[in-house]
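Below is one structure, written out as structure tokens, with a few remarks after it.
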Amino acid sequence: MVDAEEYRFTEPGLLGEAVPIQARDIRLIDGSGEIVFSGDGESRITFPKGDYQLFYEGTLSGNSFAAVFSDPHNVTVYLPAAYDVRNPFLGYVSQGGKTGVVEDGLAITWEKTRYADLRYYDETREIILHAFGMIWIMVMVILLFGYYTMRVSTKE
């Protein structure tokens, strides 16, 4: 955050409105170290005006993350090893997001963006997708085999 003196923890609602969220393990850091801040208990913190890095944990719902900013920000989302975004049928990373493998999972990074959005999935969904694909391939092979045997029998 550049030249900031407050931060509101929100997520976009159905109509794009800011819906407050609860954040935990909040850390605010500047060049000299961690900064003391005050909070109002309703997803808002205030601190002396300056340039900071903000770290916090929050609960994600619906297997997605979205952040909207009024000014460009650098955003990094760390996903544990149990989750992924790289399969285009199941996951999604908004424009400008770069995915990299880290020791405990994935890091998705956006530089100077006003909007960051991702949809993640777990291993179970990927297994279900592969099973669904295999079933359809088997159905296609059976239908093509039936069609081929009908064509061969009518030519005789």
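Numbers here are sequence positions counted from 1.
Here the straight-line distance linking atom CZ of Arg8 with atom OG1 of Thr46 works out to 10.0 Å at 0.5 Å rounding. The distance from the CD atom of Glu17 to the CD atom of Glu11 is 9.5 Å, given to the nearest 0.5 Å. Taken to the nearest 0.5 Å, the CZ atom of Phe47 stands 7.5 Å off from the CD atom of Glu6. With rounding to the nearest 0.5 Å, the separation of CE in Met140 from CD1 in Ile142 is 11.5 Å. A distance of 6.5 Å separates CG of Leu28 from CZ of Phe37, quoted to the nearest 0.5 Å. Atom CD1 of Ile21 sits about 7.5 Å away from atom CZ of Phe9, to the nearest 0.5 Å.
The local environment of CD in Glu123 is sparse, with at most 12 non-hydrogen atoms from other residues, nucleotides or ligands closer than 6.0 Å. Atom CD of Gln95 has 12 or fewer neighbouring heavy atoms from other residues, nucleotides or ligands inside a 6.0 Å radius. Tyr83 OH: 12 or fewer foreign heavy atoms inside a 6.0 Å radius. In Phe69, the CZ atom is crowded: over 12 heavy atoms of neighbouring residues, nucleotides or ligands sit closer than 6.0 Å. Counting non-hydrogen atoms of neighbouring residues, nucleotides and ligands closer than 6.0 angstrom, the OH atom of Tyr78 reaches no more than 12 such neighbours.
Residues His73 and Asp71 approach most closely at ND1-O, 2.7 Å, considering heavy atoms. Nearest heavy atom pair, residue Ser43 against residue Pro20, reads OG-CB, 3.1 Å. Of all non-hydrogen atoms in Ile108 and Leu79, the two that sit nearest each other are CD1-CD1, 3.8 Å. Shortest non-hydrogen contact noted between Arg27 and Glu34 is CG-OE2, 3.6 Å. Heavy-atom minimum distance, Gly146 versus Thr149: O-OG1, 2.9 Å.
In this structure, the side chains of Tyr147 and Leu143 stay at 4.5 Å or more apart for every pair of heavy atoms. The shortest distance between side-chain heavy atoms of Thr10 and Val19 does not fall below 4.5 Å. Looking only at side-chain heavy atoms (C-beta outward), Tyr121 and Leu129 stay at 4.5 Å or farther from each other. At least one side-chain heavy atom of Asp122 sits under 4.5 Å from a side-chain heavy atom of Arg125.
The hydrophobic clustering, which links ILVMFWY residues whose side-chain heavy atoms are closer than 4.5 Å, places Tyr92 and Phe65 apart. Under a hydrophobic clustering in which Ile, Leu, Val, Met, Phe, Trp and Tyr are joined whenever their side-chain heavy atoms come within less than 4.5 Å, directly or via other members, Val93 and Tyr115 fall into different clusters. Using a 4.5 Å cut-off between side-chain heavy atoms of Ile, Leu, Val, Met, Phe, Trp and Tyr, with links allowed through other members, Ile128 and Met134 fall into different hydrophobic clusters.
Just one residue in the list Thr99, Val85, Val75 forms a side-chain contact (heavy atoms from CB on, under 4.5 Å) with Leu118, and that residue is Val85. Across Leu90, Asn63, Asp84, a single residue satisfies side-chain contact (heavy atoms from CB on, under 4.5 Å) together with Tyr120, and that is Asn63. Of the candidates Thr76, Asn74, Val77, Val77 is the only one forming a side-chain contact (heavy atoms from CB on, under 4.5 Å) with Trp110. Residue Tyr52 is tested with Ile29, Val2, Asp3, Asp30 for a side-chain contact (heavy atoms from CB on, under 4.5 Å); the sole match is Asp30.
Put simply, the side chain of Arg114 gets close to the backbone of Ser70: a donor and an acceptor are under 3.5 Å apart.
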